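Each remark here refers to the structure printed beneath this line.
The structure presented is a predicted model; accordingly, all values stated were derived computationally and were not measured.
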2 protein chains.
Amino acid sequence: MILHKDVRSLFHRHGLAATHQRQVIYEMAAAPPGHASPEAIYARVRRKIPGISLATVYKNLRTFIDKGLLGQVSLHSGSLRVESNPAPHHHLVCTRCKSIVDLKEEDLEPIRFRHKLPHGFRAQRVAVDILGTCKACSTRARGPRKKMQLN
Amino acid sequence: MILHKDVRSLFHRHGLAATHQRQVIYEMAAAPPGHASPEAIYARVRRKIPGISLATVYKNLRTFIDKGLLGQVSLHSGSLRVESNPAPHHHLVCTRCKSIVDLKEEDLEPIRFRHKLPHGFRAQRVAVDILGTCKACSTRARGPRKKMQLN
DNA sequence: CTAGATGCAAACAGTTTGCGTCACT
DNA sequence: AGTGACGCAAACTGTTTGCATCTAG
């Protein structure tokens, strides 16, 4: 559970004004079970602040993500990406330009669970994303990111 | 490299008419380096069939995905999902309802590379998705999938 | 007092759909 | 010949932006 006071100081540390809206948006975005969508967060926030604007929710989520206060479940939420590699494989994903490169399954030691999975979940396959920066992006170091690769 | 003939029989095996457009769309979608976006595929196809419609590309990509001829890089490409869990962790992802549950990092044996990563890629962290069906979705077995969870 | 936040509406990007016409089987 | 595919435009969903107003610091 997150305390209002913590959120306020968190915002201040990141140079963000601690408005009421922003606090509630953050709390609802961080609330369990997590992984909420903007619409879901908007719905939750509206229960507390009926007059809130959806645009405000989006603006704040973007701010939180940019400042690292929230993470995104998938870097590829914008647009569909399709693949035909029928062999099981993993991905090297560049957090900067979003490019994807395949990694053969045998390039990783087999993934092993230490404990039973939550009851009732039937695992079918394991997909590993190795997140980092690709060669091009680490070369053109910290500069403003160029256009992203869509292949 | 994919041969026209193979593609035709692949389509026939799945009960799909082997139109010229469909063949080119499939070839361009499957072409290296893979992971192409619909727009990118559209651009490639247009070089061969200038009059192609973007809707046709989308319709076919959806068909290919539904029939399992192509895979999607991320199941969450539709909408943003946000998360606040600051500890490193992994995900159990239901391929049916798209729900996500966290798995503590220690629940998996550490991920180990067998070989060096491609030159120049700087790995920062590893995100594992365990794909399968959640309890609710395996219970309400093969029926038509209900509304998806957005949290 | 001022930079930055909010709310609204309009603009955008990505994707899907309806429908008339055309083509594979 | 008939079912399904194509092309076009319109509809939709998810997200961003411009601008006037308001508020935290």
Side-chain angles (χ1 to χ4, degrees), chain A residues 4 7-26 29 36-43 45-46 48-67 69-70 72-82 98 147-148 150-151, chain B residues 4 7-26 29 36-43 45-46 48-67 69-70 72-82 98 147-148 150-151:
Chain A
H4 283 247
V7 178
R8 296 183 64 85
S9 75
L10 180 66
F11 289 165
H12 287 149
R13 260 179 282 138
H14 287 269
L16 297 174
T19 65
H20 181 49
Q21 288 92 328
R22 179 165 286 160
Q23 291 172 61
V24 176
I25 293 168
Y26 184 80
S37 65
E39 280 295 343
I41 294 165
Y42 177 52
V45 173
R46 243 195 321 184
K48 302 211 165 190
I49 312 178
I52 191 90
S53 161
L54 178 58
T56 301
V57 172
Y58 270 104
K59 283 173 190 167
N60 275 288
L61 292 179
R62 181 116 316 280
T63 302
F64 295 154
I65 291 170
D66 290 346
K67 298 263 180 190
L69 273 56
L70 290 179
Q72 326 187 45
V73 168
S74 166
L75 293 178
H76 299 103
S77 48
S79 141
L80 180 66
R81 296 291 200 96
V82 124
K98 288 13 176 204
K147 56 175 169 296
M148 306 195 167
L150 291 178
N151 281 340
Chain B
H4 283 248
V7 177
R8 295 184 63 86
S9 75
L10 180 66
F11 290 163
H12 288 151
R13 260 179 281 137
H14 287 269
L16 298 173
T19 65
H20 181 49
Q21 289 92 327
R22 177 165 286 160
Q23 291 172 63
V24 176
I25 293 168
Y26 184 80
S37 65
E39 281 293 344
I41 294 165
Y42 177 53
V45 173
R46 248 202 308 192
K48 300 213 165 189
I49 312 177
I52 191 92
S53 161
L54 178 58
T56 300
V57 172
Y58 270 103
K59 283 174 192 168
N60 276 288
L61 292 180
R62 181 118 314 281
T63 302
F64 296 153
I65 291 170
D66 290 347
K67 299 264 181 189
L69 272 57
L70 288 179
Q72 328 187 43
V73 167
S74 166
L75 293 178
H76 299 102
S77 49
S79 141
L80 181 65
R81 297 290 201 97
V82 125
K98 294 357 180 210
K147 55 176 171 295
M148 307 198 164
L150 291 180
N151 280 340

Task: Student check: side-chain heavy atoms of B:Arg81 and A:Ser74 closer than 4.5 Å - done: no

Task: A:Ser79 side chain, from C-beta outward: closest of D:dG7, C:dT15, D:dT16 - done: C:dT15

- [ ] Among C:dA5, C:dG7, D:dA5, find the nucleotide with the atom closest to the side chain of A:Ile52.
- [x] C:dG7

Task: Spacing between B:Asn60 atom CG and D:dG4 atom P, to the nearest angstrom - done: 15 Å

Open item on the list: If I take atom OH in residue A:Tyr26 and atom C1' in nucleotide C:dA5, what distance separates them, rounded to the nearest angstrom?
Closed with: 19 Å

- [ ] Indicate yes or no: at least one non-hydrogen side-chain atom of A:Pro38 is less than 4.5 angstrom from one of B:Ser79.
- [x] yes

Open item on the list: How many whole angstroms separate atom CZ of B:Arg62 from atom P of D:dG4?
Closed with: 19 Å

TODO: Report the C-alpha separation of B:Ile65 and A:Leu80 in whole Å, then their side-chain angles, then the decisive distance to 0.1 Å, and conclude whether the side-chain contact (heavy atoms from CB on, under 4.5 Å) test is met.
DONE: CA-CA 11 Å; B:Ile65 291 170; A:Leu80 180 66; 4.1 Å; yes

Task: Close side-chain approach of A:Leu70 to A:Leu61, heavy-atom, < 4.5 Å - done: yes

Open item on the list: Nearest whole Å is fine: how far is C:dG14 C1' from A:His76 NE2?
Closed with: 16 Å

Task: Test item: B:Ile49 and B:Gln21 side chains (from C-beta on) under 4.5 Å apart, heavy atoms - done: yes

TODO: Could you check how far CZ of B:Arg46 sits from P of D:dC8, rounded to whole Å?
DONE: 11 Å

Task: Nucleic acid footprint by protein, nucleotides 18-25 of chain C - heavy-atom cut-off 4.0 Å, B for base, S for sugar-phosphate alone - done: B-----SS

Open item on the list: In this structure, how many angstroms lie between the C1' atom of C:dA11 and the CG atom of A:Leu54, rounded?
Closed with: 15 Å

- [ ] Please tell me if the side chains of B:Arg46 and B:Tyr42 come closer than 4.5 Å, counting only heavy atoms from C-beta onward.
- [x] yes

- [ ] To the nearest Å, give me how far apart OH (B:Tyr58) and C1' (D:dC8) are.
- [x] 16 Å

